Amino acid sequence: MEDGISRRELVRLLGTSAAALWLPPSARAWAKPAPLPATAPARDEAYWASVREQFVMPSDLAVMNAANLCPSSGPVLETLSKATREMDREPSPACRARMHDGKEVTRRALAEFLRVTPEEIVITRNTSESNNLVSSGLDLEKGDDVLLFSDNHPSNHVAWKEKGRRHGFTVNVVPAVSPHPGADYYLEAFTRALTPRTKVLAFTHLTSTVGDLLPARDLCRLARDRGILTLVDGAQSFGLMDVDLRDMDPDFYSGSGHKWPCGPKEAGVLFINRRSATRIWPSIYSAYPGAVGISKSFESFGQRDEPAILALSEALQLQTRVGRKAIEDRGRELAQALMAGLRTLPGVKVWTHPDPVRSVAVVSVQPGGLDPTKLTLALYEKDRIVCATRAGADRGGVRLSPHFYNSHAEVERAVGALKRYLTTGL
Ligand SMILES: Cc1ncc(COP(=O)(O)O)c(C=O)c1O
């Protein structure tokens, strides 16, 4: 997705000139950022600061909550608002047709981003919907087994369990071990838990609990060799990691645009491997299907928020310009610095494994005796740091997930703030 192609396509789709695509400064609630350099300079702090400038959150706010919800960049917000205004200003058949075409632009962008074909892409609302379209769409019955990972999100865990109750199939679970015991451990644990009746293996690429990275490629191969379908929940890897689905080769992969890709809300993805297209039924039958491949039968979801879908391609374009590997490397670098700082604090337990083969950029920590909910609030209100509370007894605490718009200075600020609260209390 070369820089400029998407812009030209958007201009064509919105039936307007490139100049008009951008709102006049007076109509914008934020300053238009200077464009990122077209070629990659040294990836130093100054470069990452220019990435940060693409975003509209106040400059004093350190947002380390990508595992939950990422802010959209200025260009994404402008595409979203521009397309929404076009749609409502000129509700003509021609405009409707252009908006439908816009979905195909995004489908191609998603396919390129995940290194698969547009024929294998379904544009959904989010990972929850994608996961549920899989668990609802497969022919499973009494006598069949589904194998899960205990740290799956409810949309990939509760969903299977409830559908098992309804349709009579059995759900087995491989428990997460903390700290992450390594890829070999999990390969062996999943191998042992498979039965001759296992039909589906559904696990999470990078967990949202403590940021454990699972050996997705090897697990998919393990299942494929036995004729077992795989659902890989990619909510925490899509837009953070340099994901290559052709190489990983799952049957199904799910993701949300509003997390690491920094896209709009309610635009997500379900990859359906071409070899698996005949194994899954659509769950929704309505109007306005996609134009190619599986989307022709699987994506008749009725009227969509097409401006949001269009804006997702803008988000992917920004990521591509920065570089997918560069984004993954930056996330790892910041998370490594964060974990190194947190490990020096007395009484603090870092749940996330520091080995970069076992984690990426989701970092969970038990903050000594501090109350996690109060800590999250204090960090936001007093220190201008956004993170998430992980409530409960199971590896509870707070979760910080730095992304490509964060800096080392912000990481140091987070460690310093926690150190202060450990001394002074909340
Ligand atoms: C691993 C995982 N799967 C699924 C989801 C659900 O994502 P969404 O709310 O975008 O559907 C999340 C959300 O945090 C997640 O972390």
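Not measured: the values here are computed from a predicted model. Below, all heavy atoms of this structure are taken into account, side chains as well, without hydrogens, waters or symmetry copies. Both ligands and their constituent atoms are indexed starting at 1 by order of listing.
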Item to complete: Kindly check if the number of other-residue, nucleotide or ligand heavy atoms within 6.0 Å of CZ (R413) is above 12?
Response: yes
Fill in: NZ/K419: more than 12 non-hydrogen atoms of other groups inside 6.0 Å
no
Worksheet item: Is K374 salt-bridged to D371, going by a charged N under 4.0 Å from an acidic O?
Response: no
Practice prompt. Taking the side chain as every heavy atom from C-beta outward, state whether V360 and R332 have any pair of such atoms under 4.5 Å apart.
Written response: yes
Worksheet item: Angle class for the H167/F169 ring planes (parallel below 30°, perpendicular above 60°, tilted otherwise)?
Response: parallel
Discussion item. Could you walk me through whether R108 and E104 satisfy the salt bridge (Lys or Arg N to Asp or Glu O under 4.0 Å) test, starting with their C-alpha distance in whole Å, then the side-chain angles of each, then the deciding distance to 0.1 Å, before giving a yes or no?
Written reply: CA-CA 6 Å; R108 289 194 289 276; E104 301 312 312; 5.7 Å; no
Item to complete: Check each protein residue for a heavy atom under 4.0 Å from ligand 1 and list those that pass, ordered by chain and number.
Response: A67, N126, T127, S128, H153, S155, T204, S208, D233, A235, Q236, S256, H258, K259
